[in-house]
Amino acid sequence: MTSPGSVLIAGASAAGLSTAEALRRHGYRGRLTLLDAELHLPYDRPPLSKQVLTGAWEPGRAQLRTAAQLDALDAEFVRGEPAVALDAAERTVTTASGRALRADAVVVATGLTPRRLAGQDGLAGVHVLRSLDEALTLRAHLTAGTRLVVVGEGVLGAELAATARLLNLEVTLVGMGPALLREQLGDVVGGLLTRTHAERGVRLRLGVAVDALIGAEGRVTGVRLATGELLPADAVVVAIGSRPAIDWLAGSGLPLGDGVECDACCRAAPGVYAVGDVASFEHSGLGRRLRLENRTNATEQAQVVAANLLGADRPYTPIPYFWTDQYDIKIQAHGLPSPAAEATVVEGDPEQHRFAAVYRQDGRVTGVLGWNMPKQARLLRQQHLNT
């Protein structure tokens, strides 16, 4: 398609904002509108579970850009207006207040919605962590209490447990899996990370389900496990994963599944693209569909979407990457490590908490990882994954 006269981006977090900035860098001078459900200026999400939660950062430090930088974009920011419907054929987005915003091209960048446990919305002191407001509310509750239960053994759950221990809280982590991050990084790394958390004082209840949240006078007091054990709690964080925020797209005409289903160029329909956590795209290099939930993907994919909005036909073929910081540990993973792959330590020593590993499956390298070895991880990526 030729360059559109107007572009509407639904979602003004990292992916949506990066798309707008890339459009302007490529010389786009048409009308640009960013619609977002939040009232805050665009902010970064990774610090929410770490620096913002500990209080080391005030909220303003998590902002992605200053007000002056946003003004320089020459874009209209419509904040505090959730998108509730899309007519893909007409490229018209309807907001919660009833406004109908039409553009020549629409970019869906609405991100994720945290999953919840049954009954949690009726109890004070039970949290999810996706937004800045949620981080600040949780921070206040952690300051006032001493006992935290984290439900979920994935990246967010592990980061929250580490942050809470740094705040000297009593932390219990509950998860269905046998080890922390096992589903992302396999047994070797998952086992070491699990042991590290235990050594740092986290009480682990793994391989067990939550039966119910227990409360009194409308406030959570504990978590009952399927084993019958009751875990006392002043606060509970539910970190059992997220789902793409696509409910508002029902009836839009877009293909929906595990996200907005796009082609290799991140196009979901004529004049409609998706970017970031919400986008499921065909990775032509891997021959499979991917949906990536990480900060790096949000900005890298935005560059491709912006170019394609302006007439390119460029497939998006990233080498997936994510990182997590817990205690004094920085884990960086490139490619697609998984429990099904065999992880081999090729440098360093896990017992020294400094090593690099290569993941192989069916005779080929599928991922590389560095545990406090960022340079070695990058070199392994260049050696094994840049082909």
Side-chain angles (χ1 to χ4, degrees), residues 46 49 112 152-159 161-162 173 175-197 206-207 239-242 258-259 277 279-301 316-327 329-387:
S49 61
L112 301 171
E153 78 280 12
V155 175
L156 180 58
E159 288 184 352
L173 187 147
M176 292 284 288
L180 302 184
L181 273 68
R182 179 187 180 275
E183 290 305 306
Q184 293 88 356
L185 302 176
D187 291 320
V188 173
V189 175
L192 180 59
L193 191 61
T194 300
R195 193 167 78 239
T196 300
H197 274 263
L206 297 174
I240 54 175
S242 301
D258 179 29
D277 298 338
S280 170
F281 64 98
E282 291 287 348
H283 193 302
S284 55
L286 297 174
R288 55 174 288 192
R289 181 170 291 280
L290 286 182
R291 187 177 63 80
L292 301 173
E293 297 181 9
N294 62 72
R295 179 69 171 75
T296 303
N297 174 70
T299 52
E300 290 182 348
Q301 194 171 28
Y316 181 52
T317 56
I319 296 174
Y321 167 75
F322 90 92
W323 79 94
T324 178
D325 295 339
Q326 300 172 35
Y327 309 112
I329 300 164
K330 181 180 287 291
I331 298 173
Q332 296 168 310
H334 304 265
L336 294 172
S338 75
E342 180 182 357
T344 303
V345 174
V346 295
E347 191 168 347
D349 183 357
E351 296 304 316
Q352 300 299 318
H353 285 263
R354 192 169 182 272
F355 68 95
V358 172
Y359 290 76
R360 289 183 173 84
Q361 188 172 359
D362 299 326
R364 66 184 186 89
V365 174
T366 58
V368 300
L369 176 141
W371 180 305
N372 288 338
M373 273 194 165
K375 179 181 178 181
Q376 289 80 355
R378 289 194 300 271
L379 291 174
L380 287 171
R381 167 184 164 145
Q382 294 170 6
Q383 179 181 348
H384 294 289
L385 300 176
N386 280 354
T387 55

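Note: hydrogens, waters and symmetry copies are ignored here, and every other heavy atom, side chains too, is used.
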So, for [X] and [Y], which heavy atoms are closest and what is the spacing to 0.1 Å?
X	Y	value
Val345	Gly348	CG1-O, 3.9 Å
Ala161	Leu173	CB-CD1, 3.8 Å
Leu206	Ala179	CD1-CA, 4.0 Å
Ser284	Thr317	OG-CG2, 3.3 Å
Ser49	Leu156	CB-CD1, 3.8 Å
Thr366	Ala341	OG1-CB, 3.9 Å

Student check: side-chain heavy atoms of [X] and [Y] closer than 4.5 Å:
X	Y	value
Val188	Trp371	no
Leu380	Leu369	no
His283	Pro318	yes

Under 3.5 Å, which donor-acceptor pairs do the side chains of residues 330-339 form with other protein atoms, sequence neighbours left out?
{"from": "Lys330", "atom 1": "NZ", "to": "Asp325", "atom 2": "OD1", "distance (Å)": "2.9"}
{"from": "Lys330", "atom 1": "NZ", "to": "Asp325", "atom 2": "OD2", "distance (Å)": "3.1"}
{"from": "Gln332", "atom 1": "NE2", "to": "Tyr321", "atom 2": "OH", "distance (Å)": "3.3"}
{"from": "His334", "atom 1": "ND1", "to": "Arg381", "atom 2": "NH1", "distance (Å)": "3.4"}
{"from": "Ser338", "atom 1": "OG", "to": "Ala340", "atom 2": "N", "distance (Å)": "3.3"}

Rounded distance [0.5 Å steps], [atom1] in [X] versus [atom2] in [Y]:
X	Y	atom1	atom2	answer
Arg295	Asp277	CZ	CG	10.5 Å
Leu290	Asn297	CG	CG	9.0 Å
Ile319	Glu300	CD1	CD	9.0 Å

Residues that [X] engages under side-chain hydrogen bond (donor to acceptor under 3.5 Å, both in side chains), provided they are two or more places apart:
X	value
Arg291	Asp258, Glu293
Gln376	none
Thr324	Glu159, Gln326

Donor-acceptor pairs under 3.5 Å, side chain of residues 351-365 to any protein atom, not counting sequence neighbours: which ones?
{"from": "Glu351", "atom 1": "OE1", "to": "Arg195", "atom 2": "NH2", "distance (Å)": "3.3"}
{"from": "Glu351", "atom 1": "OE2", "to": "Arg195", "atom 2": "NH2", "distance (Å)": "3.0"}
{"from": "Tyr359", "atom 1": "OH", "to": "Leu185", "atom 2": "O", "distance (Å)": "2.7"}

Q. Under the criterion side-chain contact (heavy atoms from CB on, under 4.5 Å), which of Leu180, Asn294, Leu181 is the partner of Val155?
A. Leu181

Q) Listed by chain and number, what are the ring pair (Phe, Tyr, Trp, His ring centres under 6.0 Å) partners of Phe322, not counting sequence neighbours? A) none

